[in-house]
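Data block below; observations after.
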Amino acid sequence: DVIEASELWWWVDPEHRGTGRKLLAAMEAWASDMGAGSMQIGTVDGLTPHGRNRSYERLGYEPKDRHYIKRLR
């Protein structure tokens with residue numbers, strides 16, 4: 001079996017920016033200790049140019065998949 005860690009969504013208020021990177025590093029370390037071979041982060045299209053998040057890319061993440069959603073109401 002392959003273990004992959006994933007975060008669903010997180011936000012850090014502007015006055016606490018920098019804390020998010022520490023939280024992400026702690027989560028990556030925990031996931032690795034638990035045996036995860038990779039970690040995925042979800043982003044929302046439209047929040048960044050061309051659907052890419054350069055902040056995550058600078059941390060070593062690369063674009064992989066796209067999720068689709070269907071509005072029911």
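Scored by the side chain to side chain contact (heavy atoms under 4.5 Å, CB included) test, D33 finds no partners at all (sequence neighbours excluded). For E57, the salt bridge (charged side-chain N to carboxylate O under 4.0 Å, His left out) partners at least two apart in sequence or on another chain are R52, R54.
Atom CD in E28 sits 3.5 Å away from atom OH in Y61 (nearest 0.5 Å).
Residue pairs meeting the side-chain hydrogen bond (donor to acceptor under 3.5 Å, both in side chains) criterion with at least one partner in residues 18-27, sequence neighbours excluded, do not occur; the list is empty.
Using a 4.5 Å heavy-atom cutoff, the side chains of M39 and I3 are not in contact.
Grouped with W30 in one hydrophobic cluster are M34, the linkage being side-chain heavy-atom contacts under 4.5 Å among Ile, Leu, Val, Met, Phe, Trp and Tyr residues.
Heavy atoms only, all atoms of each residue included: A5 and A36 are closest at N-CB, 3.9 Å.
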